[in-house]
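Since the structure comes first, as structure tokens, the remarks are kept for the end.
Just so it is clear: chains get the letters A, B, ... in the order the sequence lines come, proteins before strands, and each one is counted from 1. It should be emphasised that the depicted structure is a prediction, and the values quoted were computed from it without experimental measurement.
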There are 2 protein chains.
Amino acid sequence: MPLKADLDAIDWKILRELQGDGRMTNVELSNRVGISAPPCLRRVKRLEEAGIIRGYRALLNAPALGLDVVAFCLIGLHHQADAELRTFAERTRGWPIVRDAWMVSGESDFLLHCVASDLGAFQTFVIEELTSTPNVDTVRTALTIRRVKDEGLVSFAQP
Amino acid sequence: MPLKADLDAIDWKILRELQGDGRMTNVELSNRVGISAPPCLRRVKRLEEAGIIRGYRALLNAPALGLDVVAFCLIGLHHQADAELRTFAERTRGWPIVRDAWMVSGESDFLLHCVASDLGAFQTFVIEELTSTPNVDTVRTALTIRRVKDEGLVSFAQP
DNA sequence: GGCAACACGCAAGAATCTTGCGTGATTTTG
DNA sequence: CAAAATCACGCAAGATTCTTGCGTGTTGCC
């Protein structure tokens with residue numbers, strides 16, 4: 001189970017390339033990183049099995065699918081005991097509007113990344129779901145105007 | 001250039017499957033959505049060319065790569081004229097710590113999703129880069145404790 | 001009722017994936 | 001210091017997948 005220390009320059013190149021295009025063929029990938037196809041495939045498999053590559057995902061165009069509203073919600077709870085935090089975390093998984101969610105420290109307890117078809121649907125969610133959820137204290141929302149940067153995890157130079 | 005209205009049930013299945021595993025082979029995908037491989041591939045190509053599928057990306061395991069800190073920063077600017085917003089947006093693209101960034105409306109002007117190797121690196125970024133950037137008024141940070149939900153865009157039932 | 005448009009499925013050639021094996025370099029061990 | 005072990009590479013071949021062209025059936029529209 002290789003960790004960061006076991007990765008060499010070729011592994012970092014592989015991660016960078018697959019992050020840019022996760023559906024690239026193995027021969028194309030092997031050309032870009034400078035080795036032949038079989039060892040390249042073995043490296044990718046190893047990175048997957050080690051959990052360094054968690055998976056692959058198609059990126060979808062939200063507006064083209066009729067999802068015009070992207071927003072973030074900062075949630076503050078009344079009580080932050082472990083059970084309450086778990087309860088709220090579980091609840092976020094049942095809300096399809098919530099794309100991904102983080103437990104955070106600071107002024108708020110949770111940050112929710114939300115996608116909705118329109119402003120009405122989002123407001124309905126905030127009012128009828130979020131604020132009416134037990135233990136929810138504060139809800140601050142930030143509607144997104146546009147994305148100004150969208151990169152993967154490894155965007156910087158690596159050894 | 002098909003839009004939402006032109007998508008049928010099979011297209012939605014394709015989007016859902018590729019969002020779950022973007023590297024699935026076309027024959028596997030065709031089996032899952034219930035048609036043969038050639039028309040399945042043609043549909044995927046069409047979705048790509050229409051921009052509905054924006055691309056594919058490998059998901060990486062940040063902690064395994066020595067990136068232990070994930071945080072969000074809410075940035076408020078002094079002046080929000082178009083030129084100033086563009087200037088700050090451009091600046092976020094030069095910061096490797098910033099994974100993706102959104103221009104938002106509400107109490108703040110930008111939301112930054114940041115990934116750093118450790119707390120020190122993140123704090124250095126906030127102090128020496130963010131707060132010392134011209135026109136930056138307020139910086140509120142939320143360190144993430146853990147991710148409680150991580151799904152793609154299309155997680156709910158579709159026609 | 002007939003015609004055009006469209007998407008499906010079959011089939012075949014091209015490309016890719018996948019595995020086994022031999023070689024060379026680096027590291028470990030006696 | 002030398003021998004052995006370990007490791008990753010690249011080659012080659014069979015299996016799988018991709019990709020294209022083509023014929024057929026259905027749908028919608030004159």
In whole angstrom, what separates [X]'s [atom1] from [N]'s [atom2]?
{"X": "Asn26(A)", "N": "dT16(C)", "atom1": "CG", "atom2": "C1'", "value": "9 Å"}
{"X": "Arg23(B)", "N": "dT16(C)", "atom1": "CZ", "atom2": "C1'", "value": "11 Å"}
{"X": "Leu41(B)", "N": "dC8(C)", "atom1": "CG", "atom2": "P", "value": "12 Å"}
{"X": "Met24(A)", "N": "dC17(C)", "atom1": "CE", "atom2": "C1'", "value": "16 Å"}

### Message
Regarding Gln19(A) and Tyr56(B), do their side chains bring together a donor and an acceptor under 3.5 Å, going by distance alone?
### Response
no
### Task
Any ring pair (Phe, Tyr, Trp, His ring centres under 6.0 Å) involving residues 120-152 of chain B? Give me the pairs, sequence neighbours left out, ordered by first then second residue.
Trp95(B)-Phe125(B)
### dT19(D) phosphate, OP1 or OP2, under 4.0 Å from Lys45(B) side-chain N/O
yes
Check nucleotides 7-11 of chain D for protein N or O atoms closer than 3.5 Å to its own N or O atoms and list the pairs.
| residue | atom | partner | partner atom | Å |
| --- | --- | --- | --- | --- |
| dA8(D) | OP1 | Arg46(A) | NH1 | 3.4 |
| dC9(D) | OP1 | Arg43(A) | NE | 2.8 |
| dC9(D) | OP1 | Arg43(A) | NH2 | 2.4 |
| dG10(D) | OP2 | Ser36(A) | N | 2.7 |
| dG10(D) | OP2 | Ser36(A) | OG | 2.9 |
| dG10(D) | O6 | Arg42(A) | NH2 | 2.9 |

### Task
Would you check if Leu65(A) and Leu15(B) make a side-chain contact, meaning some heavy-atom pair closer than 4.5 Å?
yes
### Task
Could you grab the distance from atom CD of Glu28(A) to atom CG of Asp21(A), nearest 0.5 Å is fine?
8.5 Å
### Message
Is it the case that the side chain of Asn26(B) and the backbone of Ala37(B) share a donor-acceptor pair, with hydrogens and angles ignored and the cut-off at 3.5 Å?
### Response
yes
Could you pull out every donor-acceptor pair under 3.5 Å between side chains of residues 82-94 of chain A and any protein atom, sequence neighbours left out?
| residue | atom | partner | partner atom | Å |
| --- | --- | --- | --- | --- |
| Asp82(A) | OD2 | Arg86(A) | NE | 2.9 |
| Glu84(A) | OE1 | Ala81(A) | N | 3.4 |
| Thr87(A) | OG1 | Ala83(A) | O | 2.8 |
| Glu90(A) | OE1 | Arg93(A) | NH1 | 2.5 |
| Thr92(A) | OG1 | Ala89(A) | O | 2.6 |
| Arg93(A) | NE | Val148(B) | O | 2.8 |
| Arg93(A) | NH2 | Val148(B) | O | 3.4 |

